[in-house]
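See below for the structure under consideration.
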Amino acid sequence: MSLSDEELFDALSEDDELLLQLALDHERGTITSTAAVDAVPGQTGALISDEERNNAPKSHEPPLDAPSPPADLVQSTNSAFPVEHPHLTNPQSDISRVDTEDLAASNSDVETVDDRSPLQRFRSYPRRPLTVTDLTSGAWCELQYWYTLSRLPGGKRTRTAAMRQGSKLHQELEDEVHTTVKVEVESREDGFGLRLWNFIQGIRTLRETGLTRELEVWGMIDGNLVSGVIDGVSHENPNPQFELKLSQEENDDDNKKKLTDFFSSPEQQNKPKATTDTKKVYLTDVKTRGSLAPVSMTLVRPAKIQLLLYHKFLSDIAAGNLDFFKVLRRYGLDADKPFSDTFIAEIGSLHDEIFDDGSPSPQDASGEAEPTQSEESTFVKYHNIRQLLRLVEKEVGLAFPHGRESMGNMLRVHYIYRDDGRSIDMHDFPVSNSALETYLTVYMEWWRGERKARGVEIEEAFKCRTCEFVDDCDWRQTKDKERIQAATRRTARSKRHRE
């Protein structure tokens, strides 16, 4: 079992975050820039040698011109996920004078005075980074998600019986492929190391069986880190006839050769290309539904955006374009901090490759004194995140031998009945990078605070029936007033016409 972003970042209470924000605002002034709040430039994704690393800046050290996480929040001890409170010596007197009634003000009051962007308020350090859910919720209703973030505890939707049943079905599907094993972690580095081992095991399962589930991926959107978990990754083409038709149309364009094609370099001529015999990788998202009625395209749209994001992220990982050191910096992790002895021992019982060939494992040393950290590191092959990333790179190369070309261009949304898991409907569609870019261009404007959140149009007002904010939705009330005013004007015009 791996740790999610919520488990890594929710260790900070709301009071901790409020105190931290007050302290930071006191020292630096309120942040007003709309630039990417998760941007962490200055580090490359190359896995360098130990000699090169000794002469290079640490991966967790920020460049001089980039803000870094508060140092006190990334320190760790032997306890599980400790959180040390930031030093508030200087601004403490100011904080103590803040009226407690103001601190206890309702979220609706805060909304009227807090002019920070949603990115700055809800997805900047020390809060967790963006998720795929964050980026797809706008395809349903931006305003509903704004209310969720700003009004509900922890910025999470109220969990219903239907949602719990859906989670149960997803767990059953995962159990068909993976066996869940509990692993104890003692630091944030252990936690992310476990997520990397789960990723490694996931793509290995894909290679061996042709199917894996619940594969976590990471990517960058607009300079911000985004994470998500893919329901299904397989070598089975969901709609080979459709993809063949699209492929033939592309081949017609490719057959129009340019003059430069006849003078390509030897490297280009010898570059391996994916063939029709190569196993490609296809993504599926599973949605549970309480109705047996066919699914409309309006309902499918958020799932399509979700799969397009997953395809983009996994394609970037397959191509070696994801800089994992930027991922580590956003999480406030030290790539060179050793994993705990407990974590190494438990991972070693599941993956014996963590130990060098011919070296004894902790189980072999029964009856003898346990080795010290320095002694153990001599025969532990992957004793920190930096070393484990080398294995990640190797396994990605095996699972995606042609890089980005190993990814198939067909995606599937599969709807199943919530009560018994039967299949209801399936929607297959091709990858469209332009459609994703168009959506993100508009949606990220809201996340950056460049415009207000928008509600649904009148044609999609049916969504309001299941919304928990329907009674006090500003957008809905405004639309109601507009319709009443329009009806009044029409009545007045009709009356004048009769006169």
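A heavy-atom distance below 4.5 Å is found between the side chains of Val132 and Val226. Side-chain contact between Leu194 and Ile347 is present, with at least one heavy-atom pair separated by less than 4.5 Å. Inter-residue side-chain proximity for Tyr282 and Glu243 is flagged as met; some heavy-atom pair is nearer than 4.5 Å. Residues Leu196 and Phe324 are in side-chain contact: their nearest non-hydrogen atoms beyond the backbone lie under 4.5 Å apart. Taking the side chain as every heavy atom from C-beta outward, Leu119 and Arg448 approach each other to under 4.5 Å. Between Glu236 and Leu211 there is no side-chain heavy-atom pair separated by less than 4.5 Å. Residues Leu135 and Trp447 have side chains in contact (heavy-atom distance under 4.5 Å, counting atoms from C-beta outward). Two residues are said to be in side-chain contact when any heavy atoms from C-beta on lie closer than 4.5 Å; Gln201 and Leu350 fail this criterion.
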- Item | Chi angles and distances behind the side-chain contact (heavy atoms from CB on, under 4.5 Å) call for Asp316, Lys312 | CA-CA 6 Å; Asp316 286 342; Lys312 171 180 170 57; 3.7 Å; yes
- Message: Determine whether Lys381 and Ile354 satisfy the following criterion, side-chain contact (heavy atoms from CB on, under 4.5 Å), listing intermediate values before the conclusion.
- Response: CA-CA 5 Å; Lys381 190 183 300 185; Ile354 194 172; 5.7 Å; no
- Derivation of the ring-ring contact (aromatic ring centres under 6.0 Å, His included) call for Phe192 and Trp218: CA-CA 12 Å; Phe192 193 75; Trp218 302 267; 5.5 Å; yes
- Are Lys287 and Ile416 close enough, and set up right, to give a side-chain contact (heavy atoms from CB on, under 4.5 Å), and what steps lead you there? CA-CA 6 Å; Lys287 299 294 183 186; Ile416 60 177; over 6 Å; no
- List the steps and the verdict of side-chain contact (heavy atoms from CB on, under 4.5 Å) for Val431 and Met407. CA-CA 10 Å; Val431 172; Met407 296 292 296; over 6 Å; no
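Here the CG-CD distance, from Leu152 to Glu468, works out to 5.0 Å after rounding to the nearest 0.5 Å. Between atom CG of residue Leu309 and atom CG of residue Leu283 there is a gap of 11.5 Å, rounded to the nearest 0.5 Å. Of the inter-residue distances, the one linking Thr441 atom OG1 with Leu436 atom CG reads 9.0 Å to the nearest 0.5 angstrom. Here the CG-CG distance, from Asp231 to Leu307, works out to 8.0 Å after rounding to the nearest 0.5 Å. Atoms CG and CG, on Leu322 and Leu225 in that order, are 8.0 Å from each other to the nearest 0.5 Å. In this structure, OG on Ser423 lies 3.0 Å from NE2 on His414, to the nearest 0.5 angstrom.
Taking each heavy atom of Ala335 and Leu328 in turn, the nearest pair found is CB-CD1, 3.6 Å. Nearest heavy-atom pair across Glu189 and Gly332 is OE2-O, 4.5 Å. Smallest separation of non-hydrogen atoms from Val396 and Ile203: N-CD1, 3.8 Å. Shortest non-hydrogen contact noted between Phe325 and Arg386 is CZ-NH1, 3.6 Å. Contact detail for Phe339 and Ile385: the closest heavy-atom pair is CZ-N, 3.6 Å. Between Leu308 and Ser432, the shortest heavy-atom contact is CD2-N, 3.5 Å.
Of the possible polar contacts, one joining the His311 side chain to the Gly408 backbone as a donor-acceptor pair under 3.5 Å is found. Of the possible donor and acceptor atoms, one in the side chain of Asp134 sits under 3.5 Å from a partner among the backbone N and O of Thr131. Distance alone, capped at 3.5 Å, places no donor-acceptor pair between the Ser117 side chain and the Gly449 backbone. The backbone N or O of Ala139 lies less than 3.5 Å from a partner atom in the side chain of Tyr439, making a donor-acceptor pair. Proximity of a side-chain donor or acceptor of Tyr145 to a complementary backbone N or O of Ser137 within less than 3.5 Å is not detected. One N or O on the side chain of Arg412 and one on the backbone of Pro238 form a donor-acceptor pair closer than 3.5 Å. For Gln387 (side chain) and His383 (main-chain N/O), a donor-acceptor pair under 3.5 Å exists by modelled atom type. Asp428 places no side-chain N or O within donor-acceptor distance of the main-chain N or O of Met410, the cut-off being under 3.5 Å. Between the side chain of Ser349 and the backbone N or O of Glu346, at least one donor-acceptor pair lies under 3.5 Å. With hydrogens and angles ignored, the 3.5 Å screen pairs no side-chain donor or acceptor of Tyr125 with any backbone N or O of Arg330.
A side-chain donor-acceptor contact under 3.5 Å links Glu186 and Thr342.
Using a 4.0 Å cut-off between a side-chain N of Lys or Arg and a carboxylate O of Asp or Glu, Glu353 and Arg204 qualify as a salt bridge.
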